[in-house]
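Naming: A, B, ... by sequence-line order, numbering from 1 per chain.
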Amino acid sequence: MSNKFKRLPGFRDFPPEDLTVRAHVFEAWRRVSRRYGFMEYDGPPLEPLELYVEKSGEEIVAQLYNFQDKGDREVALRPEMTPSLARMLAERSRSLPKPIRWFSVPQLFRYERHQRGRLREHFQWNVDVVGEKGVSADAEVLAIGIDGLRELGLTDQDVRARVSDRRLLSALLGAVGVEEERRPAAFSVIDKMEREGPHKSRQRLSAETGVSSAMAGDVLELLGADLDTVAAHFPERDEVGQEVARLSEYMDILDAMGVGSFVELDLRIVRGLAYYTGIVFELFDRKGELRAICGGGRYDRLLELVGGEAQPAVGFGMGDVVLTDLLGERGLLPNTARSLDFYVVAVGEELRPRALSLAQALRERGRSVSYSLKRQAVGKQFKSAVTEGAREVIVLGPDEVARGVAVVRDMVSGKEREVSLEDLGDDGWRMRES
RNA sequence: GUGGGCGUAGCUCAGGUGGUUAGAGCGCCAGGUUGUGGUCCUGGAGGUCGCGGGUUCGAAUCCCGUCGCUCACCCCA
């Protein structure tokens, strides 16, 4: 490429075909959000660096797209939306009716080497319920995420949700003797288990927590089991039992909502962000070829951390990159071809004014209309009509106009008929025909 | 940040072992003499062969560097 003005690495242009796809996804997200009664919000793309330090977890902070502005402020392009949301709510959650149901479609940024499904910039559908600590809120949030995918044509054959609960994980670790302070380290081991494999994970868990290697192995094995099996292992522990009961209720609600076939328990899901406190989940393509499409969970402490009123909260983020890749693989991308209702052809220069006013009249009625911007032979104008995707061409010729009519050609069937110029302006001819 | 692969027109790619004005298809523009498209025919625009340096009489072709793309690792929205 000889263009010296290149895109920054990891950033995308959106020419019309790509923007059509993006808009298709955004529209589905927004439709589903509104269907569940959520209100859209937004915030600044540039935030004080400190908003993310310590609240988001090392993973995000290490990859912040940050710099110093001209006022010597340390700033960062937002890597996630939740802290901004938390700040907004810290200022006003007291005065809002609960539960608060808000969503957003922000563009987020991270500074890291890009690869498939992971760029330096992406758009992310954020959905949050604030002010409700019961599992029905957790369930509703996951259901919206799943519905967002269904809205785009994906089914339970294409995607699945893997859900876990940090409270249950914590209770399990406690049950085998892992101290409270050691549990975050244990979470980290569990989070990496799928990549590192059972042997290494067992060694690391044992080393990080002090429990025996055998015990560590037992715990890790249990993470892949179902709820009943987990419960059966700790009949005497109230804490584990309560957590199991809660997750069980959560699953029942999802079943009742009709999305149960998408959901599986998987205690190996932890999520990297530091602020999650309860149920966490991730959505994946069934084939497991792509990265997570979506991730979220409960974060009951975050509002306090940014100086607001303590409020329970649960939400998720769904990025557009992996999702669009998946839609592409499943042939679910929208048609990006151009289309027009009408193309007006003027036969002879004298009729151009007439063509323009007809086009305007149709546009005022909400029709999409185009015509040649320069003097052109009729054949040329027809070619343009095809290029622009016109469904019908209206031909204004001297003979017909003299008789008060125009020829309307259906570009699919090739059939032509005469319509009076009077009727063309108000669609009366269309009504009579159909 | 680490490693592998790749980098020729807008797109997909040709260009044996280095040799004169770098090619094709598609797309784009213009024509095929101002009343009808999706086929066809003709012509045209468009490339400092990613960039820089080196080897050579001579490099798209070999060597080094660099940038970019891509895959994997790290990590994960």
Side-chain angles (χ1 to χ4, degrees), chain A residues 1-13 15 17 52 56-65 77-83 104-126 188 191-192 194-196 269-274 276 282-284 290-297 315-323 337 343-352 372 374-401 406-416:
Chain A
M1 229 131 9
S2 58
N3 191 346
K4 63 196 221 181
F5 300 112
K6 287 177 177 160
R7 251 171 293 135
L8 254 19
F11 285 78
R12 298 170 288 175
D13 284 326
E17 314 79 66
Y52 305 109
S56 299
E58 286 175 44
E59 294 83 358
I60 277 189
V61 173
Q63 300 180 125
L64 279 173
Y65 207 120
L77 287 164
R78 60 187 178 197
E80 56 164 342
M81 199 56 178
T82 310
S104 188
V105 185
Q107 187 172 27
L108 306 178
F109 306 86
R110 314 193 81 189
Y111 197 89
E112 64 175 345
R113 195 148 165 179
H114 68 276
Q115 50 188 297
R116 181 162 161 80
R118 205 168 164 79
L119 311 172
R120 285 187 173 174
E121 146 275 317
H122 73 142
F123 291 89
Q124 190 187 64
W125 183 28
N126 270 250
S188 174
D191 189 33
K192 293 173 176 58
E194 279 191 280
R195 291 187 293 272
E196 296 186 336
I269 297 295
V270 176
R271 309 225 5 98
L273 297 180
Y276 287 117
E282 295 188 343
L283 287 160
F284 291 88
L290 305 171
R291 299 166 178 284
I293 300 164
C294 170
F316 70 77
M318 182 185 295
D320 68 317
V321 182
V322 174
L323 175 56
Y343 193 98
V344 182
V345 168
V347 180
E349 193 61 9
E350 324 73 52
L351 285 168
R352 274 181 65 78
S372 173
K374 61 187 175 189
R375 173 183 196 152
Q376 274 187 318
V378 171
K380 223 46 179 158
Q381 296 185 61
F382 265 87
K383 280 186 176 166
S384 297
V386 171
T387 303
E388 297 194 37
R391 278 183 284 279
E392 289 175 300
V393 168
I394 299 174
V395 184
L396 292 181
D399 300 344
E400 291 88 349
V401 169
V407 171
V408 176
R409 182 183 179 91
D410 181 309
M411 294 300 276
V412 176
S413 68
K415 282 185 192 158
E416 294 189 350

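- Residues satisfying the side chain to side chain donor-acceptor pair (under 3.5 Å) test with A/D13, not counting sequence neighbours, are A/R7.
- Here the side chains of A/F382 and A/R409 are in contact, with some heavy-atom distance below 4.5 Å.
- Base pairing in RNA chain B gives the following stems of 3 or more Watson-Crick or G-U pairs, range against range and under 3.5 Å: B:1-7 with B:67-73, B:10-13 with B:23-26, B:28-32 with B:40-44, B:50-54 with B:62-66.
- The separation between A/R110 atom CZ and B/C74 atom P is 16 Å, rounded to whole Å.
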Provide a list of protein-nucleic acid N or O atom pairs under 3.5 angstrom, restricted to nucleotides 3-5 of chain B.
residue	atom	partner	partner atom	Å
B/G3	O6	A/R113	NH2	3.2

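- Rounded to a whole Å, the CD atom of A/E112 is 13 Å from the P atom of B/C73.
- Judged by closest nucleotide on RNA chain B, A/F11 is the one of A/R120 and A/F11 placed further toward the 5' end.
- Between the side chains of A/T387 and A/K383, no donor-acceptor pair of N or O atoms lies under 3.5 Å.
- Taking the side chain as every heavy atom from C-beta outward, A/V321 and A/H114 never approach each other to under 4.5 Å.
- Straight-line distance between the P atoms of B/U56 and B/A14: roughly 31 Å, to the nearest whole Å.
- One C1' atom belongs to B/C51, the other to B/C69, and the distance between them is 15 Å to the nearest Å.
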How does protein contact run along nucleotides 29-37 of chain B, one letter per nucleotide 5' to 3', with B for base contact, S for sugar-phosphate only, - for none, heavy atoms under 4.0 Å? -SSB-BBBB

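- Going from the C1' atom of B/G7 to that of B/G50 covers 6 Å, rounded to whole Å.
- Separating the P atom of B/G32 from that of B/U8 is a span of 37 Å, rounded to the nearest Å.
- The separation of B/G18 from B/C63, taken at their P atoms, amounts to 11 Å, rounded to a whole angstrom.
- In this structure, A/R352 has no side chain to side chain donor-acceptor pair (under 3.5 Å) partners at least two apart in sequence or on a different chain.
- Per the geometry, CD1 belonging to A/I269 stands 12 Å off C1' belonging to B/C76, to the nearest Å.
- Taking all atoms of both residues into account, the shortest heavy-atom contact from A/V393 to A/A385 is CG2-CB, 3.6 Å.
- Spacing between B/G54 and B/A60 at atom P, rounded to whole Å, works out to 15 Å.
- In this model, the phosphate group of B/C71 is not approached by any side-chain N or O of A/H114 to a distance below 4.0 Å at OP1 or OP2.
- Nucleotides B/G19 and B/G15 have their P atoms positioned 13 Å apart, rounded to a whole Å.
- Taking atom CG on A/L119 and atom C1' on B/C76, their separation rounds to 13 Å, with Å as the unit.
- Taking all atoms of both residues into account, the shortest heavy-atom contact from A/I293 to A/M318 is O-CG, 3.4 Å.
- Looking only at distances, a side-chain donor or acceptor of A/R120 sits under 3.5 Å from a matching main-chain atom of A/E112.
- Here A/D191 contributes atom CG and A/I269 contributes atom CD1; the two are 8.0 Å apart, rounded to the nearest 0.5 Å.
- The CD atom of A/E121 lies 10.5 Å from the OH atom of A/Y65; values are rounded to the nearest 0.5 Å.
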Evaluate side-chain hydrogen bond (donor to acceptor under 3.5 Å, both in side chains) for A/S188 paired with A/K192, printing each intermediate quantity in order. CA-CA 6 Å; A/S188 174; A/K192 293 173 176 58; 3.3 Å; yes

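- Summarising the geometry, the separation between CD on A/E80 and P on B/C76 is reported as 13 Å, rounded to the nearest angstrom.
- Summarising the geometry, the separation between OH on A/Y343 and C1' on B/G38 is reported as 15 Å, rounded to the nearest angstrom.
- With sequence neighbours left out, the side chain to side chain donor-acceptor pair (under 3.5 Å) criterion links A/E17 to no other residue.
- Between A/R118 atom CZ and B/C69 atom C1' the separation is 19 Å, expressed in whole Å.
- The separation between A/E121 atom CD and B/C76 atom C1' is 16 Å, rounded to whole Å.
- Comparing B/G47 with B/A22, their P atoms sit 12 Å apart, to the nearest whole Å.
- To the nearest 0.5 Å, atoms CD (A/Q381) and NZ (A/K374) are separated by 11.0 Å.
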